[in-house]
There are 2 protein chains.
Amino acid sequence: MAGRPLGAARRNQVGVLRRASTRTHVYTVLRRAIVSLELPPGQALSENELAARYSVSRTPVREALIRLADDGLVEVVPQLGTFVSRISVRDVVEVQFIRETLERASLPHAIKRVSAADEKRLRRLLDEQEEAELEGDLQHWFTTDESIHRSLLEIGGHPKIWPIVSSAKAHLDRVRMLTLPDPGLLHELHSQHRDIVESVIAKDRRQADQILRRHLRLAVDLLEALEAEHPDYFLLDADDA
Amino acid sequence: MAGRPLGAARRNQVGVLRRASTRTHVYTVLRRAIVSLELPPGQALSENELAARYSVSRTPVREALIRLADDGLVEVVPQLGTFVSRISVRDVVEVQFIRETLERASLPHAIKRVSAADEKRLRRLLDEQEEAELEGDLQHWFTTDESIHRSLLEIGGHPKIWPIVSSAKAHLDRVRMLTLPDPGLLHELHSQHRDIVESVIAKDRRQADQILRRHLRLAVDLLEALEAEHPDYFLLDADDA
DNA sequence: TCTGGCGCTCTACCATACCAGTATTGCGAA
DNA sequence: TTCGCAATACTGGTATGGTAGAGCGCCAGA
């Protein structure tokens, strides 16, 4: 093979971020690629190939794939291969239910506990997202989307809900990605964010809940149309895991 | 050459039937040991030592530890060690909230969808649990406990909630384990199971919800007392992750 | 006696080698 | 031409070796 491990001198090869472990880095990169559909559902992933592409060994790649498998984003079949999981309509609906249930349950607590500093932070995130929208920076838009939802959970005193919602979001965002770039949808989502935040600040429980619910359902409402449009991305209804 | 001996190829090192992957096996064993407090909070776990104890290599041990870290049951500190996580009161409360929210949200669906076959299955599980209770077989009791809760989620059409609840349950059961063996508590929990199932069958939403809620809160109600009794098992309130 | 620094040891992390299966493919026989 | 079988070229699973970093204890010096 090519060069042998040279120790610390070689450690910086992958990216600027040396802080996180290699495994986390690979996990992050792969996850982003899957959610963005850059790696389409059904795509075969080879541990060897990925290791070569990112110039790391198989070990961290493998560990990243295990985490992705736990997230349901890939399926690893022993002695056969690892594949980007196809989208299961049933799973998406259920994952959406989980997310909606948890975020809505936390919202009243956020309304009770929101502080002036929280308000400032939320409004800053909203502005940041608006900027990303105007600039057409999808990546940044999604980052702020996560920040807003995570912040609301943290304000509600339920930070541990976020990892669950985040895992759900991955599947939902993959669906949403099929409808993008639709500037109208993006704008509507951002507008809903603003309405939710303002309702929380105004301590209007009913309105906040109503908008959040509608907000979270936007992705799945178009599911059937998307399935017809991209049949190869979806799992057949008969299949179960 | 003469080729490999095909008959012997089937033989897997340990003759204990056809077990899942080593990684899963180690994960299961370790998880059970942690939840049962056989491995107490704060206990240091060494990859090398575990590998030696279970007569496997470090790789599957390491991968199992990563999964346990995702579950929040262990904490791995690079270049230092891996430790059974201490119990954080705040986390237990939050995890309890998550579990309660999801199970209660699914319950109405279970009431709508419960079939005759489901009823039979649930009652069989209840009988099985009663038997385990009478025999004092804690391990079996916990198994049926899991089956009952999982079944209710599946009947409600939300099987994907189970992994989340299961992860939450691990933390809650660890707390509960501090109160056992208390035959009175065990009996009360079983009795509540029966009441919940009967309410579901009777399609009494309000009663089912009420009992389930009380049922799920039993573990955390005693938290403060337990923390006073076993201070070394708990995390100090100041600490955050 | 106390303190500061050097080094030993143990850790998890990553790289690599080996193993046991599976799908493919190419070749020989019908 | 077509079919069956066996060698092969993959796959992921496991075992093992090497590396940097963190903690701790010993020891020299004040």
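First the proteins, then the strands, lettered A, B, ... as listed; each starts at 1.
With salt bridges taken as basic N to acidic carboxylate O contacts below 4.0 Å, none links A:R217 and A:D221. Under the 4.0 Å criterion applied to side-chain N and carboxylate O atoms, B:E63 and B:R23 are assigned as salt-bridge partners. The existence of a salt bridge linking B:R121 and B:D118 is confirmed by a sub-4.0 Å separation between a basic side-chain nitrogen and an acidic carboxylate oxygen.
One can find a donor-acceptor pair under 3.5 Å joining the base of D:dG13 and the side-chain atoms of A:R58.
Within the 4.5 Å cutoff, side-chain heavy atoms of A:R176 are placed close to those of A:D145.
The backbone N or O of A:D232 sits less than 3.5 Å from a side-chain atom of A:R86, completing a donor-acceptor pair. Formation of a donor-acceptor pair under 3.5 Å by the A:S88 side chain with backbone atoms of A:L235 is not found in this model.
For residues 52-61 of chain A, the salt bridge (Lys or Arg N to Asp or Glu O under 4.0 Å) pairs, not counting sequence neighbours, are A:E47-A:R58, A:E49-A:R53.
A:L50 has its CG atom 14 Å from the P atom of C:dA15, to the nearest Å. The distance between atom CD of B:E49 and atom C1' of C:dC10, rounded to the nearest whole Å, is 12 Å. Between the CZ atom of A:R23 and the C1' atom of C:dA12 there is a distance of 9 Å, rounded to whole Å. Between B:H25 atom NE2 and D:dT14 atom C1' there is a gap of 15 Å when expressed in whole angstrom units. Rounding to whole angstrom units, CZ of residue B:F83 and C1' of C:dA12 are separated by 11 Å. The OH atom of B:Y54 sits 16 Å away from the P atom of D:dT14 (whole-angstrom rounding). The CD-P distance, from B:Q43 to C:dT11, rounds to 12 Å in whole Å. In this entry the distance linking CD1 of B:I66 with C1' of C:dC14 reads 11 Å, nearest Å.
In the helix from C:dT1-D:dA30 to C:dA30-D:dT1, the terminal helix axes, each the rotation mapping four pairs' C1' atoms onto the next four within five end pairs, subtend 20°, rounded to 10°.
Phosphate contact (OP1/OP2 of D:dT14, side-chain N/O of B:S57, threshold under 4.0 Å): absent. Between B:N48 and C:dC10, a side-chain N or O to OP1/OP2 separation shorter than 4.0 Å is absent. For the OP1/OP2 pair of C:dC13 and a distance below 4.0 Å, the side-chain nitrogens and oxygens of B:R62 include at least one atom meeting the criterion. One finds no side-chain N or O of B:T59 lying less than 4.0 angstrom from the OP1 or OP2 phosphate oxygen of D:dA15. Under 4.0 angstrom from either OP1 or OP2 of D:dG13 there lies no side-chain N or O belonging to B:S21.
For the residue pair A:E128 and A:H140, a side-chain donor N or O sits within less than 3.5 Å of a side-chain acceptor on the partner. Judged by distance alone, the side chains of A:D71 and A:H171 never bring a donor and an acceptor atom under 3.5 Å apart.
Relative orientation of the A:H158 and A:H109 rings is tilted, given thresholds of 30° and 60° on the angle between their planes.
Contacts of residues 69-82 of chain B with DNA chain C (heavy atom under 4.0 Å): B:V76, B:V77, B:P78, B:Q79, B:L80, B:G81, B:T82.
B:L45 comes within 4.0 angstrom of sugar-phosphate atoms only, judged by non-hydrogen atoms across all strands, and of no base.
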